[in-house]
Protein chains: 2
Amino acid sequence: MAAFANPRARGQALRQLRRQLSPEHICTDEQAMRTASLDGARITHMPEALIRPAGDADIATVLRLANKHRVPITTRGAGSATTGATTPIRGGWVLDLSAWDDIRIDAVSGYAHVGAGAVNAKVNEAAERKGWFYPPDPSSKNYCTIGGNIACNAGGLRAAKYGVTRDYVVALEGFLPTGEPVKWGLPLKKFVSGYNLRDLWTGSEGTLGVITRATLRLIPKPETRTTFLAAYVDEARALRTVKSILKARMQPAILEFLDRQTVSCFLKKHAAAGTLTSLPFRIENIDTPPAMLLLELDGDAAQVRKLQREVKPLLSEKSVWLKHARSTEEAEALWNVRRKSSQAMFQLGDTKLNEDIVVPLDSQLPLLRYTLELKKKTGLATPTFGHAADGNFHVHVMFDWDDAGQRARAKESIDLIMHKVVELGGAITGEHGIGLAKSPYLRLQHTEAEIRAMQAIKDALDPNGILNPGKIFEPFDMWEQPRERSWRFRWDH
Amino acid sequence: MAAFANPRARGQALRQLRRQLSPEHICTDEQAMRTASLDGARITHMPEALIRPAGDADIATVLRLANKHRVPITTRGAGSATTGATTPIRGGWVLDLSAWDDIRIDAVSGYAHVGAGAVNAKVNEAAERKGWFYPPDPSSKNYCTIGGNIACNAGGLRAAKYGVTRDYVVALEGFLPTGEPVKWGLPLKKFVSGYNLRDLWTGSEGTLGVITRATLRLIPKPETRTTFLAAYVDEARALRTVKSILKARMQPAILEFLDRQTVSCFLKKHAAAGTLTSLPFRIENIDTPPAMLLLELDGDAAQVRKLQREVKPLLSEKSVWLKHARSTEEAEALWNVRRKSSQAMFQLGDTKLNEDIVVPLDSQLPLLRYTLELKKKTGLATPTFGHAADGNFHVHVMFDWDDAGQRARAKESIDLIMHKVVELGGAITGEHGIGLAKSPYLRLQHTEAEIRAMQAIKDALDPNGILNPGKIFEPFDMWEQPRERSWRFRWDH
């Protein structure tokens, strides 16, 4: 791979760019640079410019110049990635597509035609207005963009029944690193002409091309849904319940698991605020919190009635109690346990590492047991929740960043979790991607031959290596990198 | 790309292979060579050996030697491809994986673990025994193999509701052209580590790797299904009915369209056999046959009851008549129109070209009108049926191969259809792939930049170009190639 341009050459390239693009589309002020320097992983590196392209011609120009002069290009949407995938770690130019947020629903064929910057939840709102539904729902859905969702093949809560982003991408438009426009697929339900670069781009974290537009498949909006929350003495009983539900081929739309550590965070926050009695359930002793399952069924009314009759005895069999929401408000109250748990974890440390690992069904309990062992071993909390029906658990490690001892133990915890996950036949990432944060573990998951094949593709499509350099393949030590801890994202609360 | 070995070097390579593999796995007899020389497209080319590998080690050996000595490798299953994708057009060795047909159902997680040679229908039978269902159902399902299904991303009748093969491939195992074993994905519902070569291999027609095993996703077996057959005065009324059904977001499992030419073939065959009165419907005058829609709903009993109430008025509104099967036997009788039509077309010519094109919903009627124009213009019949809910039509051109005039007009017809399809915003292939037959039209569908990107991937993964050479990218003139018309496939009838 050719070396990147030196600072002087980069300056010249930027001056050339300024001659070819309207000046208001090129930002180099401090605020813009800081915004473009990081994502949810808070690993920062300053770019040399933030570019807000007005149209296809701008992107072609940017890429042609960048490719010619060897300037790194990092494409970003909202910057809500959790892995540092959007951090311009080699500097260069950041291409911000968040303004490319147009959404058009084809209500007859069931497609959403969207710009890369369209926000996930907005796509679904537009779809629902026409009786359709866009299932992928990462927890960042209110601010994350479809371009980013495609770049990391985002999942969400409904994946076991409805699949992930990849399952809804029908066609992509965008650019090769050379600035040439390409379309992968068409708005058609079948298309097998030539190689499937649509799915190769999906999940490639902006390293193979720049995605500008997508056609997404929609499904008919489920007529109704119903929500249950169940409490279990321990993780084992909750996870055995998961297995019995899956064995019965029930296909809940959502089946979320929360371990006792997670539920404890939620309860303690309410205890501190004096709002325990406002909860839709009573907990005898918050020092012995239960594990929980949150289950949602959806479909047409008759189907949901039938399913809820079948699922209730399975949910309750091993439970301490089972709540069934009788209204949307009651459902919201049950959902709060899941929605508020993640933030509640910060009482355990100022830094949270969220590992989106996946394990096979039979490894769910061994994994949860391991998180408890780890907690004992390192003294750091390991609250875990996740999408139990698809085995995608979010194992969190909580610690104080400024405590060097805790930091060392946090690093050790992540190392051990990654090794354990692979040993259990699992995946080191289910919906976040590799980015910078998981790059040291890529070789745990893949053989050298597999990685060589991946890198051969990278070199073939991006011979100058300008697109999102430093990601996925080069092991990155995030522990040696300063974290931008003071930056407030607009979704921080 | 390096040149292939000359005949002498190939002979040496084969002798080396004989020293490294058990002799019974290498066939060079006339019968084996003929079997390995063609697929459903009947374009033949003799290989130098047919290899039936006993295990992974054999495949690694074959590929290492072939890659070292530049011997073309063509992988095959049943050989039911319709495009010549399985014809070893550059000779070399044919790798026959049809014996790799093991099937194991994981009834808790809902996976089928299968060998590449597993027959599609057998996978579904095994799944159904455990309450699960494998939706992709190419019409060749009783003999085509999963390896071939993945190689061309096979579709089938249920794609509009259930998707195509790609939507069910969870993980692949196989080999790089160098003989190195690789796994793309794991039997997990989420996996986003590294590049998605699973989906790149899917649909790449055996040109990027050798697929040996797959994990397929299953869905709960639909509880019940119900079948309708409706007749319409012309194609326009049938296709407007399709649109009104899709607009109502009905999601039939199957919605097959048959044009008047197709129905005419079916009726005339019955008339000739004197069995017209045995049909489950009465046709006043077989010289003015109707167009038809065959519709199947599936789901749980309550859902199907609800859907059939809703769909009946839509189906019947523009119809001449509507039949609703009251039993499995009645459904089978209705299905016969679709099942027997394809063979019945041979009364119109000894050669049938089956073009699996796809068009957007609004282009369905313009396409059908064009097939009638074409028929008038060339004098060759263009009977068309297809999967109307996903816009995937099988436009057939019928002619006598030995009639040079007809052959020339058939070639012209195909050229015109391909141009028309792309002009209508469609795809030149929806479920068969490019192979040899569609290779002259690849550049209609894709820009030069897109094709260069595809070929860069090919060169990166298979630098010596040994895997299935001559396919997809090199325009092939099938009209200049002798067709093996006397060969009887075991599925011919």
Side-chain angles (χ1 to χ4, degrees), chain A residues 108-109 131 152-153 155 159-160 164 167 176 180 182 186-197 199-200 202-204 220 243 246-247 249 251 300 302-303 306 358 360-361 390-392 425-431 433-434 442 445-447 449-451 453-454 456-457 459-461 472, chain B residues 108-110 131 152-153 155 159-160 164 167 176 180 182 186-197 199-200 202-204 220 243 246-247 249 251 300 302-303 306 358 360-361 390-392 425-431 433-434 442 445-447 449-450 453-454 456-457 459-461 472:
Chain A
V108 181
S109 293
C152 71
N153 192 11
V164 296
D167 298 304
L176 296 173
E180 289 163 301
V182 287
L186 285 172
L188 298 171
K189 293 197 169 121
K190 286 177 174 165
F191 186 94
V192 295
S193 176
Y195 291 159
N196 179 4
L197 274 90
D199 285 340
L200 180 67
T202 302
S204 67
K243 196 164 171 178
L246 296 184
K247 219 168 172 171
R249 299 187 294 280
Q251 299 228 301
D300 68 37
Q303 215 180 355
K306 180 176 168 246
V358 193
L361 195 53
D390 57 39
N392 181 202
I428 60 173
T429 173
E431 53 187 10
I434 299 291
L442 191 73
Q445 188 84 78
H446 304 279
T447 65
E450 288 161 6
I451 292 174
M454 293 177 190
I457 290 173
D459 294 344
L461 293 183
I472 305 178
Chain B
V108 181
S109 294
C152 71
N153 191 12
V164 297
D167 299 302
L176 296 172
E180 290 163 301
V182 288
L186 285 171
L188 298 171
K189 294 200 169 117
K190 286 177 175 164
F191 185 94
V192 294
S193 176
Y195 291 159
N196 179 5
L197 274 88
D199 285 340
L200 181 66
T202 302
S204 67
K243 197 163 171 179
L246 296 184
K247 218 169 171 170
R249 300 187 294 279
Q251 298 228 301
D300 69 35
Q303 215 180 356
K306 179 175 168 249
V358 193
L361 195 52
D390 57 37
N392 183 201
I428 60 173
T429 172
E431 53 186 11
I434 300 290
L442 190 73
Q445 188 84 77
H446 304 280
T447 65
E450 288 162 6
M454 294 177 189
I457 290 173
D459 293 344
L461 294 181
I472 304 179

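This structure is a prediction, so every number in the text was calculated from the model and none was measured. Chain identifiers are assigned alphabetically (A, B, ...) following the order of the sequence lines, protein sequences preceding nucleic acid strands; residue numbering begins at 1 within each chain.
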* **Most contacts with chain B, counted as non-hydrogen pairs under 4.5 angstrom, among A/Gly426, A/Gly155, A/Ala160** => A/Gly426

* **Shortest non-hydrogen contact from B/Arg249 toward A/Pro220** => O-CG, 3.9 Å

* In terms of heavy-atom pairs under 4.5 Å with chain A, which of B/Cys152, B/Ala460, B/Gly430 leads? -> B/Gly430

* To do: Please determine, among B/Ile472, B/Ile457, B/Leu176, the option with the most heavy-atom pairs under 4.5 Å with chain A.
  => B/Ile457

* To do: Determine the minimum heavy-atom distance between A/Ser193 and B/His446, stating which atoms define it.
  => OG-NE2, 2.8 Å

* Considering non-hydrogen atoms only, spot the tightest contact between B/Pro360 and A/Leu188 and give its length. => N-CD2, 3.5 Å

* Among B/Asp167, B/Ile434, B/Ile428, which residue forms the greatest number of heavy-atom pairs with chain A at distances under 4.5 Å? -> B/Ile434

* Structure fact -> Counting heavy-atom pairs under 4.5 Å with chain B, the top scorer among A/Lys306, A/Lys247, A/Glu450 is A/Glu450

* Most heavy-atom pairs under 4.5 angstrom with chain B, which of A/Leu186, A/Asp390, A/Leu200? -> A/Asp390

* Asked: Under a 4.5 Å heavy-atom cutoff, which of B/Thr202, B/Thr447, B/Asn392, B/Leu246 has the most pairs with chain A?
  -> B/Asn392

* Check each atom of A/Glu180 against the heavy atoms of chain B and say whether the ones under 4.5 Å are side chain, backbone, both or neither. => side chain

* Asked: Side chain, backbone, both or neither: which part of A/Gln251 has an atom under 4.5 Å from a heavy atom of chain B?
  -> side chain

* Under the salt bridge (charged side-chain N to carboxylate O under 4.0 Å, His left out) test, which residues partner A/Lys189, sequence neighbours left out? -> none

* Heavy-atom proximity to chain A below 4.5 Å, by part of B/Asn153 -> both

* Go through the structure and list residues passing side-chain hydrogen bond (donor to acceptor under 3.5 Å, both in side chains) with B/Gln445, not counting sequence neighbours. => none

* Interatomic spacing from CG in B/Leu197 to CG in A/Asp199 - rounded to 0.5 Å -> 11.5 Å

* Go through the steps to decide whether B/Val164 and A/Val192 satisfy the test side-chain contact (heavy atoms from CB on, under 4.5 Å), and finish with yes or no. => CA-CA 10 Å; B/Val164 297; A/Val192 295; over 6 Å; no

* Taking all atoms of both residues into account, what is the closest heavy-atom pair of A/Lys190 and B/Val358, and its distance? -> O-CG2, 3.4 Å

